[in-house]
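Written out below as structure tokens is the structure these notes cover.
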Protein chains: 2
Amino acid sequence: MEETQRIAIGALATHTGANIETIRYYERVGLLPAPARSSGGYRLYGTNHLKRLNFIRRARVLGFSLAEVRKLLTLADQRRRPCAEVRAVAAAHLEDVKGKIADLKAMERVLADTIARCEAGSGSHCPMIDALYTASSPSRWRRLAR
Amino acid sequence: MEETQRIAIGALATHTGANIETIRYYERVGLLPAPARSSGGYRLYGTNHLKRLNFIRRARVLGFSLAEVRKLLTLADQRRRPCAEVRAVAAAHLEDVKGKIADLKAMERVLADTIARCEAGSGSHCPMIDALYTASSPSRWRRLAR
DNA sequence: GCTTGAGTCTGGAGTTACTACAGACTCTAC
DNA sequence: GTAGAGTCTGTAGTAACTCCAGACTCAAGC
């Protein structure tokens with residue numbers, strides 16, 4: 001319960017793998033509570049900060065935006081954990097991720113195709129450049145990319 | 001060869017689907033050459049601008065960064081088109097896209113798993129929050145996410 | 001007690017690729 | 001000549017950091 005160890009920002013950074021500047025940034029934007037300070041003004045972090053920062057980093061690795069992380073942290077902070085709400089945030093994010101995968105796969109296909117044509121090209125002109133300069137409208141390309 | 005029609009920025013925006021502000025932005029950062037001006041200072045675009053802007057938009061749809069688009073445009077501008085260099089830019093970008101797809105798929109898996117556990121959960125605590133608060137280090141999560 | 005070097009502090013600017021104003025001016029049609 | 005739509009410039013905001021300068025603090029060694 002009580003927090004005895006207090007570590008400086010550099011140590012927290014090493015323990016979590018986060019950047020020092022990022023830690024200060026998270027404090028500035030209110031994701032990480034302001035820690036205690038030494039007499040000289042150094043930030044002194046306890047285990048709660050360590051846990052919270054790890055939470056943030058794990059959520060970020062999973063692609064949650066800081067706004068989503070904020071929401072998740074708020075939900076996590078409530079002692080009675082509203083699992084349904086957490087699930088809703090995660091599910092919305094999952095849909096987002098799926099959409100991005102679909103978009104990237106479409107891009108991958110077009111890129112791979114064009115590069116392949118490039119490789120087979122005779123050399124007088126570049127199929128990649130041609131494809132980009134071609135008169136078909138970007139909206140058609142966007143359709144293609146879904 | 002000669003350009004007779006000259007259209008205002010709004011018309012160019014409608015023709016390409018680009019935003020007016022974006023067109024001015026592309027000019028500011030040097031992707032689109034500064035067009036002629038009317039006596040009152042309005043920008044007047046010709047067909048070359050139209051083609052170039054479409055090129056940029058198609059490349060952006062395929063996920064090329066503006067830096068990459070710049071490189072592609074430079075290569076396209078050379079009369080003798082260095083197909084190999086174009087292919088290199090595109091291939092590098094394709095690798096990037098593939099990497100992002102892999103990352104997102106890993107995210108998708110972890111998210112879907114955790115949400116599934118969430119659905120099956122008894123209700124006393126949230127598996128999603130637990131997973132994020134779990135003591136395993138973010139670097140392990142990152143490994144997981146490849 | 002003093003010095004040294006590493007660590008930390010704040011505030012501000014830079015990054016990417018736009019987007020969104022405000023307030024002034026221009027163009028076209030009636 | 002005037003109304004209303006279009007355009008102009010310049011600045012600031014967005015996400016999520018990252019980097020920097022110049023000042024200060026801390027711990028260790030002598």
Side-chain angles (χ1 to χ4, degrees), chain A residues 5-32 34-45 49 52-53 55-73 93 96-97 100 103 107 138 142, chain B residues 5-32 34-45 49 52-53 55-73 93 96-97 100 103 107 138 142:
Chain A
Q5 304 146 281
R6 301 231 151 238
I7 60 176
I9 197 166
L12 183 64
T14 339
H15 282 3
T16 58
N19 194 309
I20 288 181
E21 320 268 10
T22 306
I23 297 174
R24 285 195 283 246
Y25 170 73
Y26 286 162
E27 178 183 333
R28 206 161 58 243
V29 299
L31 277 178
L32 214 48
R37 297 280 185 139
S38 75
S39 54
Y42 278 28
R43 287 172 179 80
L44 295 176
Y45 296 96
H49 287 100
R52 202 174 176 90
L53 182 52
F55 183 106
I56 297 170
R57 280 180 53 74
R58 283 183 205 113
R60 295 287 298 131
V61 165
L62 288 181
F64 287 100
S65 71
L66 285 195
E68 288 168 328
V69 173
R70 199 183 302 274
K71 203 178 288 179
L72 288 174
L73 277 170
H93 179 55
D96 224 76
V97 168
K100 276 181 193 155
D103 284 0
M107 278 183 212
R142 241 196 332 283
Chain B
Q5 305 146 279
R6 303 227 150 242
I7 59 175
I9 198 165
L12 183 63
T14 339
H15 281 5
T16 58
N19 194 310
I20 288 181
E21 320 267 10
T22 307
I23 297 173
R24 285 197 282 247
Y25 169 73
Y26 285 162
E27 177 183 333
R28 204 160 59 244
V29 299
L31 277 179
L32 214 47
R37 297 280 185 139
S38 75
S39 54
Y42 278 28
R43 288 172 177 81
L44 296 174
Y45 296 96
H49 288 99
R52 203 175 174 87
L53 182 52
F55 183 106
I56 297 170
R57 280 181 52 75
R58 285 184 204 111
R60 295 287 298 130
V61 165
L62 288 180
F64 286 99
S65 71
L66 285 196
E68 288 168 327
V69 173
R70 199 183 301 274
K71 204 178 284 179
L72 288 174
L73 278 170
H93 179 54
D96 222 78
V97 169
K100 276 181 194 156
D103 284 1
M107 276 183 212
R142 240 192 336 282

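No hydrogens, no waters, no symmetry mates; every other heavy atom, side chains included, goes into these values. So you know, we letter chains A, B, ... as the sequences are listed, proteins then strands, and number each from 1. Every value quoted in this text rests on a predicted model; they were computed, and no experiment measured them.
- Look at CZ on A:R70: it is 11 Å from P on D:dC17, rounded to the nearest Å.
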Distance-only check: which donor-acceptor pairs under 3.5 Å involve side-chain atoms of residues 19-27 of chain A, not counting sequence neighbours?
from	atom 1	to	atom 2	distance (Å)
A:N19	OD1	A:E21	N	3.0
A:E27	OE1	A:R43	NE	2.8

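- Judged by closest nucleotide on DNA chain C, B:F64 is the one of B:S39 and B:F64 placed further toward the 5' end.
- Residue B:Y26 is classed as a sugar-phosphate contact, given heavy-atom separations below 4.0 Å to backbone atoms only.
- The distance between atom CD1 of A:I7 and atom P of D:dA27, rounded to the nearest whole Å, is 14 Å.
- Ranked by how close their nearest DNA chain C nucleotide is to the 5' end, B:S38 and B:S65 are led by B:S65.
- Protein atom CG of A:L31 is 12 Å distant from nucleotide atom C1' of D:dC17, rounded to whole Å.
- For DNA chain C, the outermost nucleotides in 5' to 3' order that have an atom under 4.0 Å from a heavy atom of chain A are C:dG7 to C:dT10.
- Across every non-hydrogen atom of B:Y45 and B:P35, the tightest pair is CE2-CG, 3.4 Å.
- B:H93 places a side-chain N or O within donor-acceptor distance of the main-chain N or O of B:L62, the cut-off being under 3.5 Å.
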*asked:* Applying side-chain contact (heavy atoms from CB on, under 4.5 Å) to B:V61 and B:R57, what does each step give before you reach the verdict?
replied: CA-CA 6 Å; B:V61 165; B:R57 280 181 52 75; 5.5 Å; no
Between N or O atoms, less than 3.5 Å apart, protein on one side and nucleotides 8-12 of chain D on the other: list the pairs.
from	atom 1	to	atom 2	distance (Å)
D:dC8	OP1	B:R43	N	2.6
D:dC8	OP1	B:R43	NH1	3.1
D:dC8	OP2	B:R24	NH1	2.7
D:dC8	OP2	B:R43	NH1	3.3
D:dC8	O5'	B:R43	NH1	3.4
D:dC8	O3'	B:R37	NH1	3.3
D:dT9	OP1	B:R37	NH1	3.1
D:dT9	OP1	B:R37	NH2	3.0
D:dT9	OP2	B:R43	NH1	2.9
D:dT9	OP2	B:R43	NH2	2.7

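- Atoms CZ and CG, from B:R58 and B:L72 in turn, are 13.0 Å apart once rounded to the nearest 0.5 Å.
- Between B:V69 and B:R60, the shortest heavy-atom contact is CG2-CD, 4.1 Å.
- One finds the CE atom of A:M107 at 10.5 Å from the CG atom of B:D96 (value rounded to the nearest 0.5 Å).
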*asked:* Could you go through B:H15 and B:L53, starting from their C-alpha distance and side-chain angles, then the distance that decides it, and tell me whether this counts as side-chain contact (heavy atoms from CB on, under 4.5 Å)?
replied: CA-CA 10 Å; B:H15 281 5; B:L53 182 52; over 6 Å; no
